[in-house]
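Throughout, a chain's letter reflects where its sequence line sits, starting with A, and its residues are numbered from 1. When reading the values below, keep in mind they use all heavy atoms of this one structure, side chains included, and skip hydrogens, waters and symmetry mates. Fair warning: this is a prediction, and the values are worked out from it, not measured in the lab.
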Amino acid sequence: MSTNVPVFGLNLPQSQAVTYLDGPCLVLAGAGSGKTRVITQKIAHLIEDRGYDPRTIAALTFTNKAALEMQERIAKLLKQPKQAKQLTVSTFHSLGVKILRQEAHGVGLKDRFSIMDADDCGSLVQDMALTTDKQVVRRIQTAISLWKNGLVDPLAALNQAKDEDEAQSARVYASYVATLSAYQAVDFDDLIRLPVELFRNNDPIRDKWQRRLRYLLMDEYQDTNTCQYELVKLLVTGIGKKPMFTAVGDDDQAIYAWRGASVENLKTLQTDFPDLQVIKLEQNYRSTTRILQAANAVIGNNPKLFEKSLWSEHGLGEPIQVTSMPTDDAEADQVAMLISVDHFTRKNKWSDYAILYRGNHQARIIEQALRKERIPYTISGGQSFFDKAEIKDIISYLRLLANTDDDPAFIRAVTTPRRGVGQSTMETLGTFSGQWQCSLFEAVFKGGIEGLLPDRQLNPLRDFCNFINNLEARASRPGPSGSGDNAAQVLDDLLEAINYENYLYDMFDERAAQSKWQNVLEFVNWLKDRGRGGKDRDGEEKNVLELTQMVALMSMLEGQDEDPDAVRMSTLHASKGLEYPHVFLVGCEEGILPHKGDADAPAESIAARVQEERRLMYVGITRAQRTLHITWCKKRKRAGEQVHCDPSRFIKEMKLDEGTAVPLESEVLTPKERLARMKELLATPKPTV
DNA sequence: TTTAGTAACTTTTTT
DNA sequence: AGTTACTAAA
């Protein structure tokens with residue numbers, strides 16, 4: 001097939017990107033230029049026109065939400081929608097789990113390894129660094145994460161440490177790695193790093209996976225880190241084999257440098273693959289011209305990696321509004337009111353509106369305001385369903401069931417609900433297990449522990465461990481249907497046995513307990529559903545272990561039970577890749593956006609950080625399709641006290657005063673005025689747009 | 001030893 | 001505002 005025949009409904013560069021299959025391909029896709037469209041169409045093209053087996057195609061995204069959405073879009077595109085289920089559409093991390101689950105032995109893990117979340121890792125670091133200072137713990141955690149993502153081992157980290165802080169982090173790094181392997185556990189970074197290690201050292205296994213995944217597509221390529229890029233390279237390059245992949249990215253939307261991503265990967269791609277075909281998508285199908293102009297003006301202040309200029313065939317559109325607010329409370333109220341009024345006057349859906357902000361904590365105050373106005377909303381980004389304490393409690397039991405060496409899970413499960421095991425018991429047990437180099441669970445039955453713990457403390461421990469053992473025996477017994485455990489029954493038994501519902505009602509007031517128990521039931525039902533192979537029963541059946549490992553990665557809220565008609569609230573980071581007709585970008589103040597970090601950082605890194613914040617602003621602006629409303633506060637509550645704020649430098653950089661938009665001065669209404677205005681607006685006919 | 005209640009300290013972004 | 005650290009009772 002010639003690459004010059006345009007695919008129906010695509011412009012020329014899009015079409016070229018879809019049909020180009022002579023080698024590796026990089027698509028530089030500006031905001032709103034239809035990059036997801038290119039990926040989904042290309043997958044359809046591979047299957048339907050080129051005869052690819054869907055099982056040999058993998059598309060990698062950055063969030064589970066994006067993966068889910070992409071799979072749905074592909075299903076709609078295919079003549080046989082069921083083929084979409086055979087594709088690997090997942091995050092890098094999920095692919096890592098998939099590989100590790102099959103190749104655990106190759107990296108020295110037992111089959112039933114645990115996946116530890118950031119909290120578990122945090123308490124690990126806390127113990128090993130001998131500090132309770134949360135700041136220090138987080139600093140060490142990010143240092144370790146950056147090392148892992150950069151494929152630097154503990155020894156190298158120690159050698160290249162520049163100051164005592166880094167040396168301390170490196171020492172903790174060493175014992176951290178040792179402890180994880182003692183637990184038979186991995187952290188998020190290991191999910192990518194271990195497959196890389198495996199493929200580097202084991203050619204037959206690497207070969208196997210290369211045959212398994214013949215074509216690779218990557219979304220948001222600008223946000224990949226060294227380790228992820230290495231995994232990709234190992235998967236696509238082989239002797240006598242043509243590297244086959246498509247990477248899609250935009251250097252202006254790189255906003256994850258803080259977690260090890262490097263935009264340089266875009267450039268490196270060109271040197272590593274000299275025959276790389278580079279295709280630029282510069283036509284924007286999303287926003288009005290005014291919005292694009294503002295976005296371009298802001299990003300123009302950053303150095304360019306690739307030359308590109310976005311343009312749009314849409315009209316000029318409505319002016320961008322910039323409003324100053326006296327306080328953050330007023331900002332939230334005002335935005336809620338503006339949305340309410342606009343919703344009723346223009347007869348728009350609630351879901352046409354999005355409120356975007358820099359930090360999760362900004363969501364709280366906005367939520368309150370929206371509730372006051374009776375506006376339905378959904379929050380994406382921020383702490384997820386799976387991070388709720390009651391859900392993590394249940395998960396810790398499942399993890400322990402799957403892997404009794406998982407000490408963090410043991411600690412949580414054995415102490416919640418309270419069963420007479422407290423701090424000092426755990427300390428004794430911990431020292432003992434440390435001396436004998438065994439897990440806490442093992443230590444409970446090891447000879448010698450009787451001398452250290454009186455029966456009063458030892459009995460509850462033994463009772464608990466016997467309980468887990470019994471449950472585990474039942475969990476791994478084949479269910480009536482043959483293969484797989486009877487996950488549903490095990491889950492019910494577990495909740496019953498630990499009396500979790502009563503525990504909740506003992507610990508919390510009626511209302512809180514009720515909602516928490518509701519969450520638990522919802523979670524358990526969700527698990528049971530997945531255990532049976534998913535909603536349509538055409539997914540793979542999963543046992544308790546697989547379910548547990550899957551849940552560990554579900555840190556983002558899934559779009560399943562989202563209210564379809566509700567105002568969207570999101571952090572700027574979580575909004576990447578999404579679009580909304582009407583966008584409110586709140587809290588545009590110096591110190592918030594750009595966010596101020598360590599003032600004593602070197603000037604160079606401060607400059608780099610401001611550039612990343614500017615890209616964040618760019619992402620925010622380019623989410624908007626029709627209207628954009630930016631707000632900033634003169635005063636804001638911060639750690640209790642009111643603090644004076646200045647407008648963000650990025651507002652000036654939008655160059656709104658040069659004829660593209662009219663800045664609007666602050667306009668704060670009292671409830672009475674608001675009501676009057678509302679009535680007045682409701683009476684006027686819907687404006688034509 | 002465990003738990004419950006009160007006083008002080010902090011808020012980037014996420015797989 | 002929301003969590004954590006510390007102190008007093010059971």
Side-chain angles (χ1 to χ4, degrees), chain A residues 60-67 90-97 115-119 121 123 126 132-135 137-138 141-142 145 148-149 186-193 220 223-225 227-228 254-261 328-329 356-365 367-368 380-384 386-387 389 415-428 453-454 456-457 460 506-508 550-557 570-576 587 591-598 609 612-613 615-617 619-620 636-641 643:
Chain A
L60 299 177
T61 61
F62 264 79
T63 63
N64 289 301
K65 193 177 174 185
S90 69
T91 59
F92 268 97
H93 297 266
S94 303
L95 177 66
V97 174
I115 300 169
M116 302 213 324
D117 65 27
D119 280 349
C121 298
S123 29
Q126 198 175 69
T132 54
D133 187 333
K134 243 170 50 176
Q135 300 247 285
V137 169
R138 252 202 18 200
Q141 253 187 302
T142 56
S145 180
K148 283 196 172 191
N149 287 327
V186 299
D187 61 18
F188 284 165
D189 301 318
D190 287 333
L191 295 176
I192 321 280
R193 193 183 59 87
E220 312 284 8
D223 287 323
T224 51
N225 58 41
C227 198
Q228 288 165 327
I255 52 176
Y256 285 100
W258 52 273
R259 82 176 199 208
D328 47 352
D329 288 300
L356 306 180
Y357 37 83
R358 176 67 233 264
N360 285 307
H361 62 280
Q362 292 171 268
R364 190 162 300 281
I365 189 164
E367 266 189 277
Q368 288 168 356
S380 60
Q383 137 263 37
S384 101
F386 299 99
D387 286 335
T415 52
T416 19
R418 297 255 162 233
R419 46 168 64 81
V421 178
Q423 205 184 335
S424 84
T425 309
M426 290 308 289
E427 263 167 31
T428 314
L453 288 171
R456 186 170 48 82
Q457 288 176 60
D506 284 347
M507 292 292 288
F508 306 95
M550 180 175 68
V551 164
L553 294 178
M554 294 284 180
S555 70
M556 293 287 271
L557 204 63
S570 173
T571 61
L572 286 166
H573 283 88
S575 77
K576 190 164 60 136
I592 302 227
L593 181 65
H595 191 271
K596 76 159 165 35
D598 294 340
R609 222 174 33 216
E612 178 147 313
E613 297 288 315
R615 290 192 290 269
L616 211 42
M617 181 75 177
V619 166
R636 176 178 292 275
K637 262 204 310 284
R638 221 179 143 83
E641 247 0 80
V643 175

query: side-chain contact (heavy atoms from CB on, under 4.5 Å) between A/Glu220 and A/Thr61: does it pass, once the steps are laid out?
result: CA-CA 7 Å; A/Glu220 312 284 8; A/Thr61 61; over 6 Å; no
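- Rounded to a whole Å, the CG atom of A/Asp133 is 10 Å from the P atom of C/dA5.
- Protein atom CZ of A/Arg638 is 17 Å distant from nucleotide atom P of C/dG2, rounded to whole Å.
- As a whole-Å value, the separation of A/Asn64 CG from B/dT15 C1' is 8 Å.
- Using cut-offs of 30° and 60° on the angle between ring planes, the pair A/Trp258 and A/His573 is perpendicular.
- The side chain of A/Thr63 places no N or O atom within less than 4.0 Å of a non-bridging phosphate oxygen (OP1 or OP2) of B/dT14.
- If you take NZ of A/Lys134 and C1' of C/dA5, they are 12 Å apart, rounded to a whole angstrom.
- Across the protein-nucleic acid pair, A/Glu220 atom CD and B/dT13 atom P stand 19 Å apart, rounded to whole Å.
- As a whole-Å value, the separation of A/Asp119 CG from C/dT3 P is 12 Å.
- With distances taken from any side-chain atom of A/Thr425 to the nucleotides B/dT13, B/dT14, B/dT2, the minimum falls on B/dT2.
- Rounding to whole angstrom units, CZ of residue A/Arg138 and C1' of B/dT14 are separated by 12 Å.
- Candidate nucleotides C/dT4, C/dA1, B/dT13 were compared by shortest atom distance to the side chain of A/Arg364, and C/dA1 ranks first.
- Comparing the same atom, C1', in C/dC6 and in B/dT11 gives a spacing of 22 Å after rounding to whole Å.
- No engagement by A/Arg636 is indicated, since no non-hydrogen atom pair under 4.0 Å with the nucleic acid exists.
- Side-chain atoms of A/Gln457 lie closest to B/dT1 of the nucleotides B/dT14, B/dT15, B/dT1.
- With B/dT12, B/dT15, B/dT11 as the candidates, the nucleotide lying closest to the side chain of A/Arg259 is B/dT15.
- Nucleic acid contact for A/Tyr256: sugar-phosphate only, since backbone atoms but no base atoms lie under 4.0 Å from a heavy atom of the residue.
- No option in A/Asp223, A/Thr571, A/Thr63 other than A/Asp223 meets the side-chain hydrogen bond (donor to acceptor under 3.5 Å, both in side chains) test with A/Lys576.
- Among the atoms of the strands shown, only primed sugar atoms or phosphate atoms (P, OP1, OP2) are found under 4.0 Å from some heavy atom of A/Gln135.
- A distance-only check finds no donor-acceptor pair linking the side chain of A/Tyr357 to the backbone of A/Leu572 [under 3.5 Å].
- Under the 4.0 Å criterion applied to side-chain N and carboxylate O atoms, A/Arg615 and A/Glu612 are assigned as salt-bridge partners.
- Nearest to the side chain of A/His595, among B/dT12, B/dT15, B/dT14, sits B/dT12.
- Rounded to a whole Å, the CG atom of A/Asp223 is 12 Å from the C1' atom of B/dT15.
- The closest donor-acceptor contact from the side chain of A/Gln141 to the backbone of A/Cys121 lies at 3.5 Å or more, if one exists at all.
- Toward the 5′ end of DNA chain B lies the nearest nucleotide of A/Arg456, the other residue of the pair A/Lys596 and A/Arg456 mapping further downstream.
- Residue ring and base: A/Trp258 counts as stacked with B/dT13 (centre distance below 5.5 Å, interplanar angle below 30°).
- At B/dT13, one or more side-chain N or O atoms of A/Asn360 fall inside 4.0 Å of OP1 or OP2 (strictly under the cut-off).
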